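See below for the structure under consideration.
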Amino acid sequence: MIRSLRLPCVLLCALLLVAAPLVQAADAAVDAITQAVARPDVLRGQFTQEKQVSGFKNPLRSQGQFVVARKHGVIWSTLKPFPSEVVVTADRILSRQRDGSTRVELDARQQPAMRSVNAIMFALMSGDVQALSSQFNVEATREGQGWRLKLTPKSAMLAKAFQSLTLQGDRYVRQVEIIEANQDRTRIQFTALSEAPATLNADEARRFE
């Protein structure tokens, strides 16, 4: 497991290995949020991540940028405190370190259910409520022009890993908070979100290869 990143990419990718069929959300608030959230082919932005580990006074902080491409996957680039990158596709999770070295963390040839990771990661970061509701119980509330989703795991396997995920946003997901079963807590803020350009540039496409 990639220790410098861990959440949200690696922990979720390691745990959400089997995606159940999508289900239709019946709750009116969930339906409203589903209609409100943007579903772009490509979404770019910056993130600030703070992880509070149980038993430690000071949180672990990191910053970086990301690209979510619906047809390709997720590029999660940490810039501070140490440069590194994780690329999640339907076939594998690939990590690149600051010295330029590359290694495959998970491969769909060994983990066939990895093919669900692309959809789950995009669902988490784009607020795809229907996809998320296949794995989680969803509690939705509207907050002015925004919304809040609290997700609790449906399966015992996921419950062993974490207690809940809470997403807040408007047209986009703006914040994700993850509480693990051991009480470790991770909060990720997304800023500078943009749908333009609507296609990957040459460098981004190359990093998905």
Side-chain angles (χ1 to χ4, degrees), residues 1-18 43-68 73-88 92-106 111 114 117 120-127 132 135-139 141 143 146-169 172-193:
M1 188 170 289
I2 306 166
R3 301 182 188 281
S4 62
L5 185 67
R6 297 191 66 185
L7 289 170
C9 291
V10 176
L11 179 61
L12 290 176
C13 290
L15 296 174
L16 301 177
L17 297 178
V18 181
L43 181 67
R44 299 174 180 82
Q46 300 174 5
F47 71 86
T48 301
Q49 177 174 302
E50 185 174 284
K51 182 177 180 67
Q52 184 64 59
V53 179
S54 298
F56 289 84
K57 181 179 179 180
N58 297 320
L60 305 174
R61 295 185 176 90
S62 61
Q63 299 177 6
Q65 57 195 26
F66 67 88
V67 178
V68 180
V74 179
I75 302 172
W76 188 266
S77 302
T78 300
L79 303 177
K80 297 178 180 180
F82 306 108
S84 65
E85 181 174 274
V86 172
V87 179
V88 180
R92 63 183 181 176
I93 300 176
L94 183 70
S95 68
R96 298 187 178 97
Q97 304 305 312
R98 59 179 174 176
D99 62 2
S101 62
T102 301
R103 68 172 182 266
V104 175
E105 301 292 339
L106 288 174
Q111 297 280 355
M114 272 291 298
V117 167
I120 295 297
M121 286 300 303
F122 192 90
L124 175 68
M125 299 182 71
S126 63
L132 290 170
Q135 294 286 347
F136 301 95
N137 298 307
V138 180
E139 178 184 326
T141 55
E143 300 178 343
W147 50 263
R148 181 178 182 271
L149 292 175
K150 183 175 182 180
L151 311 176
T152 53
K154 287 183 175 180
S155 72
M157 179 191 71
L158 294 180
K160 289 180 180 179
F162 53 85
Q163 291 185 5
S164 66
L165 294 86
T166 302
L167 288 72
Q168 297 183 55
Y172 305 106
V173 177
R174 301 290 182 176
Q175 178 177 294
V176 175
E177 183 178 56
I178 303 170
I179 302 178
E180 298 177 48
N182 63 2
Q183 299 300 311
D184 288 358
R185 186 182 300 256
T186 298
R187 181 172 295 168
I188 307 120
Q189 299 278 353
F190 299 115
T191 57
L193 300 174

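All of these numbers come straight from a predicted model, not from anything done at the bench.
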From Gln168 atom CD to Leu149 atom CG, the distance as rounded to the nearest 0.5 Å
9.5 Å

Would you say Ser54's side chain and Asn182's backbone share a donor-acceptor pair under 3.5 angstrom?
yes

Locate the shortest heavy-atom distance separating Phe47 from Ser62; write the atom from each residue and the value.
CE1-OG, 4.1 Å

Per the salt bridge (Lys or Arg N to Asp or Glu O under 4.0 Å) rule, what does the pair list look like for residues 55-64, sequence neighbours excluded?
Glu50-Arg61

Check the orientation of Trp76 and Phe66. Use parallel for under 30°, tilted for 30 to 60°, and perpendicular for over 60°.
parallel

Considering non-hydrogen atoms only, spot the tightest contact between Val176 and Phe190 and give its length.
CG2-CE1, 3.7 Å

Within this structure, what is the OG1-CD distance for the pair Thr152 and Gln163, rounded to the nearest 0.5 Å?
10.5 Å

Which value, rounded to the nearest 0.5 Å, describes the distance between Glu177 atom CD and Gln52 atom CD?
11.5 Å

Could you tell me which residues satisfy side-chain contact (heavy atoms from CB on, under 4.5 Å) with Thr191, sequence neighbours excluded, listed by chain and number?
Gln46

Search all heavy atoms of Leu165 against all heavy atoms of Phe136 and return the closest pair with its distance.
CD1-CE2, 3.5 Å

Might you point out which heavy atoms bring Leu193 and Gly45 nearest each other, and give the distance in Å?
CD2-CA, 4.0 Å

In chain order, what residues pass the side-chain contact (heavy atoms from CB on, under 4.5 Å) check against Leu60, with sequence neighbours excluded?
Lys51, Val53

Spatial distance of atom CG (Leu151) from atom OG1 (Thr166) [nearest 0.5 Å]:
7.0 Å

Listed by chain and number, what are the side-chain contact (heavy atoms from CB on, under 4.5 Å) partners of Arg96, not counting sequence neighbours?
Glu85, Val87, Leu94, Thr102, Arg207

According to side-chain contact (heavy atoms from CB on, under 4.5 Å), who are the partners of Glu139, at least two apart in sequence or on a separate chain?
Lys150

My understanding is that only residues two or more places apart in sequence, or in another chain, count here; which of them pass side-chain hydrogen bond (donor to acceptor under 3.5 Å, both in side chains) with Gln63?
none

